[in-house]
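Labels below follow one simple rule: chain letters A, B, ... track the order of the sequence lines, proteins then strands, and each chain is numbered from 1. The structure displayed is predicted, hence computed values, not measured ones.
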Number of protein chains: 2
Amino acid sequence: MSSSTPGLDGIENPLALEQQVCFALAIASRSVIGVYRPLLEPLGLTHPQYLVMLALWEHEPLRVNELARLLQLDPGTLSPLLKRLEASGYVRREKDPHDDRALAVVLTDAGRALRDDALKIPPAIVERLGLPLDELLELHRRLTQVIAAATV
Amino acid sequence: MSSSTPGLDGIENPLALEQQVCFALAIASRSVIGVYRPLLEPLGLTHPQYLVMLALWEHEPLRVNELARLLQLDPGTLSPLLKRLEASGYVRREKDPHDDRALAVVLTDAGRALRDDALKIPPAIVERLGLPLDELLELHRRLTQVIAAATV
DNA sequence: CCTAAGTAGTTGGTGTACTAACTATTTGTA
DNA sequence: TACAAATAGTTAGTACACCAACTACTTAGG
């Protein structure tokens, strides 16, 4: 808009905000998480906590470093998050009998029961976004490419 | 993997972690920002601060709420961020003479000069990711769709 | 067996992010 | 022109997210 060549900002300015993929990624991530928020709030979960529960519903039990690898998160991020999940009553952190350094994160009965409520979330999100499934699958495929490219 | 029907996790389990678009979005955003980090660190910028600078290089001066709208961020997030940018010497926060409530965020000489260094960043990122430009443009297009869908 | 190197998780520091409550100012309207 | 409603930005509280330093435990080499 303030460009000397009106209407060509995106083409001539490599630093144009609206053109940056990193900007679109950051906003998309935050705004989609914002769509989850009102659906997760009744379950007493934040979005990162929801992702931890997804991992546990699939692969319980998991050690902290296994969760860190699955979610690509720092153990220093997970450690307090898991304490909050334990305080919420959804998981327990048990000493691994084979290795006194390790913690086995396991689901409580409440944590397992929560999965039934969580089953309503994905369809609610898809409906709320109102995008065709192909579109979402295609986006997922391209995001996976970028993740692979960025984490080499 | 722990499924009773091996190899069909993604199809039969609507809560499969690897299948969630929100998960791919969160990881992609964090890992791409991770690619920027070593490039931004020499400039003394975090990624959110970099986005603020992009906005200012394009549209200076900007009020806090205009920045909030452009970056889709809460004023409560921007307020301390802008103080840190001011402490770094890249911006000044000036009282708007027409409205004593408002702040005009303006660039300092150092902030304007920083743009020359920043010009090296986008091509460095594209090269580092090693993805074809079409791919990035197409991803950007689909992210924009999702943002529009999520922020209605 | 004993010690150096590696591994598992925690802690503290800095910097986002979102919400809600708050102050200060401006605007709309009776 | 009073004054309620709206607006601009700050602050405090909670929760990530990354990093570096730390403790405790395990393993590998000698």
Under a 4.0 Å heavy-atom criterion, DNA chain D is touched by chain A from dA15(D) to dT26(D)

So CG of L67(A) and CG of L62(A): to nearest 0.5 Å the spacing works out to 4.5 Å

With a 3.5 Å cut-off and sequence neighbours excluded, list the donor-acceptor pairs that the side chains of residues 136-152 of chain B form with protein atoms.
unit_1: E138(B); atom_1: OE2; unit_2: R141(B); atom_2: NH2; d: 3.0
unit_1: E138(B); atom_1: OE2; unit_2: R142(B); atom_2: NE; d: 3.1
unit_1: E138(B); atom_1: OE2; unit_2: R142(B); atom_2: NH2; d: 2.9
unit_1: H140(B); atom_1: NE2; unit_2: E18(A); atom_2: O; d: 2.9
unit_1: R142(B); atom_1: NH1; unit_2: E135(A); atom_2: OE2; d: 2.6
unit_1: T144(B); atom_1: OG1; unit_2: H140(B); atom_2: O; d: 2.8
unit_1: T151(B); atom_1: OG1; unit_2: I147(B); atom_2: O; d: 2.6

Inset, instruction - Just do the side chain to side chain contact (heavy atoms under 4.5 Å, CB included) check on V126(B) and V21(A) with the steps written out, would you? - result: CA-CA 10 Å; V126(B) 171; V21(A) 174; over 6 Å; no

Contacts satisfying side-chain hydrogen bond (donor to acceptor under 3.5 Å, both in side chains) that involve residues 93-111 of chain A (not counting sequence neighbours) are R63(A)-D96(A), E86(A)-R93(A), R92(A)-E94(A), D99(A)-R101(A)

- For L17(A) and W57(B), what are the C-alpha separation, side-chain angles and deciding distance, and is it a side chain to side chain contact (heavy atoms under 4.5 Å, CB included)? CA-CA 9 Å; L17(A) 184 62; W57(B) 286 326; over 6 Å; no

Sorted by chain and residue number, the side chain to side chain donor-acceptor pair (under 3.5 Å) partners of R84(A) (sequence neighbours excluded) come out as none

Numerically ordered, the residues 29-50 of chain A set in heavy-atom contact under 4.0 Å with DNA chain C is R30(A), R37(A)

CD1 of I121(A) to CZ of R128(A), rounded to nearest 0.5 Å, is 14.5 Å

R115(B) meets the side chain to side chain donor-acceptor pair (under 3.5 Å) criterion, sequence neighbours left out, with N13(A)

In numerical order, the residues of residues 95-105 of chain B whose heavy atoms come under 4.0 Å of DNA chain C are D99(B), D100(B), R101(B)

Applying side chain to side chain donor-acceptor pair (under 3.5 Å) to D74(A) and not counting sequence neighbours gives none

Its 5'-most and 3'-most nucleotides having an atom under 4.0 Å from a non-hydrogen atom of chain A, DNA chain C is contacted over dG6(C) to dT19(C)

Name the atoms and distances for all side-chain donor-acceptor pairs under 3.5 Å in residues 26-55 of chain A, with sequence neighbours left out.
unit_1: R30(A); atom_1: NH1; unit_2: Q72(B); atom_2: O; d: 2.7
unit_1: R30(A); atom_1: NH2; unit_2: L71(B); atom_2: O; d: 3.1
unit_1: S31(A); atom_1: OG; unit_2: I27(A); atom_2: O; d: 2.8
unit_1: S31(A); atom_1: OG; unit_2: A28(A); atom_2: O; d: 3.3
unit_1: T46(A); atom_1: OG1; unit_2: Q49(A); atom_2: N; d: 3.3
unit_1: Q49(A); atom_1: OE1; unit_2: T46(A); atom_2: N; d: 3.2

(Q) If you apply the rule side chain to side chain contact (heavy atoms under 4.5 Å, CB included), what do you find for Y90(B) with L114(B), and how did you get there? (A) CA-CA 8 Å; Y90(B) 292 139; L114(B) 192 67; 3.7 Å; yes

In DNA chain D, stems of three or more consecutive pairs, Watson-Crick or G-U, each with both distances under 3.5 Å, turn out to be C:1-30 with D:1-30

Here the residues of residues 65-85 of chain A within 4.0 Å heavy-atom distance, strictly under, of DNA chain C are N65(A), P75(A), G76(A), S79(A), K83(A)

L119(A) vs L15(B), side chain to side chain contact (heavy atoms under 4.5 Å, CB included): CA-CA, chis, key distance, verdict: CA-CA 7 Å; L119(A) 278 169; L15(B) 294 179; 4.0 Å; yes

In this structure, CG of L103(A) is separated from CG of L82(A) (nearest 0.5 Å) by 8.5 Å

Would you confirm whether E60(A), through its side chain, and V106(A), through its main-chain N or O, come within 3.5 Å as a donor-acceptor pair?
no

Exercise. If only atom types and distance count, is the side chain of Q20(A) paired as donor or acceptor with the main-chain N or O of A16(A) below 3.5 Å?
Worked result: yes

Correct closest heavy-atom pair for P14(A) and P122(B) would be O-CG, 3.6 Å

